[in-house]
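Note that the coordinates shown come from a computational prediction; the quantities given were computed from them, not determined experimentally. Start at 1 with the first residue, then count along the sequence. First listed ligand is number 1; within each ligand, the first listed atom is number 1.
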Amino acid sequence: MTVQFHCGRFRLALDRPLIMGVVNITPDSFSDGGRFLEPAAAIEHARQLIAEGADILDLGAESSRPGAAAVVDADEELRRLLPVLRELRDAAVPVSVDTIKPEVMRVALSEGASMINDVNALRAPGALEAVAGTDAAVCLMHMQGTPGTMQQHPSYADVVAEVQAFLRDRMEAVRAAGIPTERIGIDPGFGFGKTLEHNLELLRHLRDFAVLGVPVLAGWSRKSSLGKLTGKPAGERLAASIAAALIAAQNGAGILRVHDVAATRDALSVLAAVEKKPK
Ligand code: HH2
């Protein structure tokens, strides 16, 4: 397992799970759409998440929620992203940009982003090249279908084996394009073309992904699977999100993508204390 995650100018130690705080600069994200669409609100929120202990920030300017149509073009995505990214380029933590578009990747990387979080795993033509020539990290996520249709009929013979094979293939493609292992993260893509049972099976078997030797990112925060388990709307899923994050951490997750950084940090302190062996 690589011991450091190389993220632009940053070297992040992987001796504890890292917290990636979500900043959605969108009108329509499933849990906080519209709250941080104004640059000033997004910047303030980003700073707040750093103060709460985020290790990485993830800026997203296009929602990938189930049923979302791909209506945001690259110009609009960049119009939302750039004022926030520019303000954060000297932040104390790496800034990741959540995008599937090579054009957005290229501009974001030239404006100071240290990581690309691609729910499409750099499969768009030109995406590999956009990241390869830089020192940025990348998160490769598995998704069955597209956000518009992915939750209609998710189907797998063996979800863990299929998602693992996909991520292995994408890691190979990314390495072949010149991106070294230290800059790669992988993500089974909870909720992206998966039923509740698929998501639970992947969470149970998260260690099968950790053996691929790069940090595994887990994104359960506020997701609809937690709504199915608790009967609660997105705004009332904090406790369930913390539970899922903690299980992911215990099952080997290297990065937890969350909306609620302070609460996640507290939960991880308890886990760290229990796991620390007395001398
Ligand atoms: N989930 C969302 C977006 N991006 N990226 C990775 N790597 N893993 C995830 O699980 C993941 C992701 C969805 O959450 P959110 O950003 O809050 O919502 P929306 O896509 O509606 O903006």
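For atom 22 (O) of ligand 1, the nearest non-hydrogen atom of the protein is Ser29 OG, 2.4 Å. What sits closest to atom 9 (C) of ligand 1 on the protein, heavy atoms only, is Lys223 NZ, 3.5 Å. In terms of protein heavy-atom proximity, atom 21 (O) of ligand 1 is nearest to Ser63 OG, 2.7 Å. The single protein non-hydrogen atom nearest to atom 16 (O) of ligand 1 is Arg257 NH2, 2.8 Å, given as residue, atom name and distance. Of the protein's non-hydrogen atoms, the one nearest atom 4 (N) of ligand 1 is Asp98 OD2, 2.8 Å.
Any N or O atom pair closer than 3.5 Å counts here, and Asn117 shares at least one such pair with ligand 1. Of the polar atoms of Val22, none of the N or O atoms is found under 3.5 Å from an N or O of ligand 1, judged by distance alone. Considering backbone and side-chain N/O atoms, Asn24 comes within less than 3.5 Å of an N/O atom of ligand 1.
Aromatic ring pairs are classed by plane angle as parallel below 30°, tilted from 30° to 60° and perpendicular above 60°; the pair Phe190 and Trp220 is tilted. Between His259 and Phe30, the two ring planes are perpendicular [angle over 60°; tilted spans 30° to 60°].
Distances shorter than 4.0 angstrom do not occur between any heavy atom of Trp220 and any atom of ligand 1. Taking 4.0 Å as the cut-off, His259 counts as a neighbour of ligand 1 on heavy-atom distance.
Between Glu62 and the options Asp28, Val104, Ile25, Ile100, a side-chain contact (heavy atoms from CB on, under 4.5 Å) holds for only Ile100.
Within ligand 1, the atoms closer than 4.0 Å to a non-hydrogen atom of Asp187 are 6 (C), 7 (N), 8 (N), 9 (C), 10 (O), numbered from 1 in the order shown. Near Leu217, meaning under 4.0 Å from any of its heavy atoms, are these atoms of ligand 1: 7 (N), 8 (N).
When heavy-atom distances to ligand 1 are checked against a 4.0 Å cut-off, Arg222 has no atom that comes that close, whether in backbone or side chain.
To the nearest 0.5 angstrom, Leu256 atom CG is 10.0 Å from Ser221 atom OG.
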